[in-house]
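In what follows, every chain begins at residue 1, and chains take the letters A, B, ... in the order their sequences are listed.
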Amino acid sequence: MNIYHYVPPQQPPNGYVGIDIEIFGMNDKTLHRPTSGKFACLSIAISPEDVYMIHDINEIPRAMYAVKDSIWAIHNAKFDLMNLRRWDKIEPRKKLWDTLLIERILYGGYFNTFGLNDLARRYLNVYMEKETRDEFKTATEMNEQMIYYAALDASMALSICYAQQKGMTKNDFKIWNEVDRDALWAVMDMKGMAIDVDKWLALAELNKQRGEELKASLPINPHSYKKLKLYLIERGFKGLKNTQEDTLIKAMHKYPKTDAAKYVQTILDSRDYLHSSSTYGRNFVEHHVEYDNDVAVIIPDWNITGAETGRMSCSDPNLQNIPVKATKEFRECFIARPGHIIIVWDYSSQEPRICAEITQDKRLLEILHSKNDIYCEMAWDVYEKRIQKSDPLRDATKPVFLGLNYGESSYGLAKTLGIEVDEAERLQNKFLKKYKGVAKLIEDAKHEKKYVKTILGRRAWLNPYSNQCERNAINSRIQGSAGDMTKQALAMMHKEWNFDCPFSVTGIIHDEIVADVPKEYVNDIAKFGQQCMVEVAQKMCPSVPAEAKIYMGSSWACKE
DNA sequence: GGAGACGGCGCC
DNA sequence: AAAGGGCGCCGTCTCC
């Protein structure tokens, strides 16, 4: 490998170059937030053998200009591009090849490691040591080894890009070109979610106090699973399998007169408060708050293909699991910036609609076209009762259908609904008899052993040796299609955003998109976002009417 | 003292 | 025998 320490010569159009940036002083939890760390070097491989290395930030624009017409091969492009944006203007472009995201398109569910070193081993039979990479965390200057390491990264990205191309189908390209690449550009332009730090801390303190008090009143640590289980068994909960909430409540009803039963409520309450205060407590803001024009914001790491199905995920911190059911008080802390309004768009019954599209189930399509409530209609089919939305029977219907979408057994449904197994089996059979398309989806899944595809053709590999294989075959198609849909909607919003304010999306929660927009644009943007979501859904699922709801308010708790 | 497994639990 | 899919994070426990 030849390493040249100057700007590369101007590259011809449409060739591939490998790019890698190294930053000193980054840590794993914050490397998605390119506000800290010091530039180490930029490596550009114009061939696997020839790498140009830049050590001066002032030369970055010239170096990037030299490769402006090339296709950029980068491993985890989000990191490199976000950092390059600190020193150069990097516009969304089609000429991008993210070896990480493309590997996930190729092998989601097949492999579970996707590091550059993993790909180097798989594709090129090359071993890349990790020790030097860690040196960048503490070093402030390059040494010989680090120079070689940085050059190798760029070279490897390019070689892997070539190797990946050989194994890609037309449809794999399509997923990259029409879903993940554009979603990546959208994610890179997302804003942090503004947070009311004082309110958050007050809430955290209160939860902590309540939790600690309850914990202190117990004879045993409610988080110490092993000891707690033994303790409760000794005091009357015969054969206790675990200490999960529903298990404890059941045991309490089964053995109401025991010593153990007296503790259940306190154990649950204590765990609840302490869970809140630990996950959504002081650390949450201390580790994750940044300031965006003096506004405290949370900037998490949005992962384009976090799930094997192709769904997105989120970490550091995860904003996709902020409590909302039991209490809205956490989401109330995520507020609009001054002079702004929060918009939440939400696909109505996204997965049932996708299920209808995939299965072409006659009854399901009929319901969705009728505009009647899905679960009220299903309650009629399953229980032979006409009900209103407020009827508790509606809540007993949802799990029958949704459970089947996940491959749930009658045993599982019985547990969920708190009924006998044969009753659960009867309900499922009743449902499947009426919904023959859904029944076929489940039947077909039994024969899938390699992979299944989403509506757009994204593969999710199956593990034929796993007892989850069949359930994954059912669910991956639906969940993955939903992931594709939301990502495409996000990408479309990003691409067609032409308001006089920057792209202001702050969250993606699977079937929900959150934005924080200036008051004067709120109605236009709300409508615009809704149109994008509906348009994407209708294109992907032409047999089903699409619906995206709009909510607005001063905080993320505006959904009612 | 750190890594990793596991249990538990928040969301869709 | 297990018994509902997908995540990420926390505390505990075990092991080195």
> Hey, does A:Lys325 reach any base, or is it just sugar-phosphate, or nothing, if we go heavy atoms under 4.0 Å?
Replying inline: sugar-phosphate

> With a 4.0 Å cut-off on heavy atoms, is A:Arg471 in touch with a base, just the backbone sugar-phosphate, or nothing at all?
Replying inline: sugar-phosphate

> So what does A:Ile322 hit on the nucleic acid, given a heavy-atom distance under 4.0 Å: a base, only sugar-phosphate, or nothing?
Replying inline: sugar-phosphate

>> Considering every strand and a 4.0 Å limit on heavy-atom distances, what is the contact class for A:Val324: base, sugar-phosphate, or nothing?
In response: sugar-phosphate

> Which of the following nucleotides, C:dT12, C:dC13, C:dG4, is nearest to the side chain of A:His223?
Replying inline: C:dT12

>> Whether A:Arg271 contacts B:dG8 is assessed here as follows: a side-chain N or O lying under 4.0 Å from the phosphate OP1 or OP2. Is that the case?
In response: no

> For A:Tyr411 and C:dA3, do the ring centres fall under 5.5 Å apart while the planes stay under 30° apart?
Replying inline: yes

>> Counting only side-chain heavy atoms from C-beta out, which of B:dC11, B:dG10, C:dG6 sits nearest to A:Arg331?
In response: B:dC11

>> Nearest whole Å is fine: how far is B:dC11 C1' from A:Met193 CE?
In response: 13 Å

>> Work out how far the P atom of C:dA2 is from that of B:dC6, and round it to whole angstrom.
In response: 15 Å

>> Applying the 5.5 Å / 30° rule, does A:Tyr225 stack onto the base of B:dG7?
In response: no

> Checking all strands, does A:Glu245 fall into the base, sugar-phosphate, or nothing category for heavy-atom contacts under 4.0 angstrom?
Replying inline: sugar-phosphate

>> Looking only at the side chains, is there a donor atom on one of A:Arg271 and A:Thr243 sitting less than 3.5 Å from an acceptor on the other?
In response: yes

> Any idea which of B:dC9, C:dT12, C:dG8 is nearest the A:Asn321 side chain?
Replying inline: C:dG8

> Which part of the nucleic acid, if any, lies within reach of A:Thr243 when heavy atoms closer than 4.0 Å are counted: base, sugar-phosphate only, or nothing?
Replying inline: sugar-phosphate

>> Does either side chain, that of A:Asp484 or that of A:Gln488, offer a donor lying less than 3.5 Å from an acceptor on the other one?
In response: no

>> Taking the minimum atom-to-atom distance to the side chain of A:Tyr406, which one of C:dC7, C:dG4, C:dT14 wins?
In response: C:dG4

> Should A:Asn318 be listed as having a side-chain N or O under 4.0 Å from OP1 or OP2 of C:dC7?
Replying inline: no

> Out of C:dC7, C:dC9, C:dT14, which nucleotide sits closest to the side chain of A:Asp316?
Replying inline: C:dC9

> A:Thr279 side chain: which of B:dG8, C:dC10, C:dG5 is closest?
Replying inline: C:dC10

>> If only side-chain N and O atoms count, and only distance matters, is there a donor-acceptor pair under 3.5 Å linking A:Gln350 with A:Thr486?
In response: yes

> Hey, is the side chain of A:Asn472 poking within less than 4.0 Å of OP1 or OP2 on C:dG6, counting only N and O atoms?
Replying inline: yes

> How long is the line joining CD of A:Gln350 and C1' of B:dC11, in whole Å?
Replying inline: 15 Å

>> Taking any heavy-atom pair under 4.0 Å as a contact, classify A:Asn303: base, sugar-phosphate, or nothing.
In response: nothing

>> Students often get this wrong, so: under 4.0 angstrom with heavy atoms, is A:Arg477 touching a base, only sugar-phosphate, or nothing?
In response: nothing

>> Between A:Asp98 and A:Asp180, is the side chain to side chain contact (heavy atoms under 4.5 Å, CB included) condition met? List the steps.
In response: CA-CA 10 Å; A:Asp98 188 327; A:Asp180 290 354; over 6 Å; no

> Whole-Å distance between C:dG11 P and A:Ile220 CD1?
Replying inline: 18 Å

> Once you round it to whole Å, what is the distance between C1' of C:dG5 and CG of A:Leu404?
Replying inline: 12 Å

> Considering only side-chain heavy atoms of A:Ile509, which listed nucleotide, C:dT12, C:dC9, B:dC12, is closest?
Replying inline: B:dC12

> Between A:Trp200 and A:Phe334, is the ring centre distance below 6.0 Å?
Replying inline: yes

> Are side-chain heavy atoms of A:Ile298 and A:Val289 found at a separation under 4.5 Å?
Replying inline: yes

> Nearest to the side chain of A:Asn242, which nucleotide is it out of C:dG6, B:dG8, B:dG10?
Replying inline: B:dG8

>> Students often get this wrong, so: under 4.0 angstrom with heavy atoms, is A:Gln479 touching a base, only sugar-phosphate, or nothing?
In response: base

>> Quick check for you: among B:dG10, C:dG6, C:dC9, whose closest atom lies nearest to any side-chain atom of A:Ser315?
In response: C:dC9

> Looking at A:Gln320, does any N or O in its side chain come under 4.0 Å of the phosphate oxygens OP1/OP2 on B:dC12?
Replying inline: no

>> Would A:Ser543 and A:Gln360 count as a side chain to side chain contact (heavy atoms under 4.5 Å, CB included) here? Give the steps.
In response: CA-CA 8 Å; A:Ser543 324; A:Gln360 289 295 308; 2.9 Å; yes

>> Work out how far the P atom of C:dA3 is from that of B:dG7, and round it to whole angstrom.
In response: 12 Å

> With sugar-phosphate meaning primed atoms plus P, OP1 and OP2, does A:Gln468 contact a base, only sugar-phosphate, or nothing at under 4.0 Å between heavy atoms?
Replying inline: sugar-phosphate

> Between A:Met312 (CE) and C:dG8 (C1'), how many Å, whole number?
Replying inline: 14 Å

> Given atom CD of A:Gln244 and atom C1' of C:dA3, what is their separation to the nearest angstrom?
Replying inline: 13 Å

> OP1 or OP2 of C:dG4 sitting under 4.0 Å from any side-chain N/O of A:Ser409?
Replying inline: yes

> Between atom CD in A:Glu470 and atom C1' in C:dA2, what is the gap in whole Å?
Replying inline: 13 Å

>> In whole Å, I'd like the distance from the NZ atom of A:Lys226 to the C1' atom of B:dG8.
In response: 15 Å

> Do you see a donor-acceptor pair shorter than 3.5 Å between the side chains of A:Asn207 and A:Tyr280?
Replying inline: no

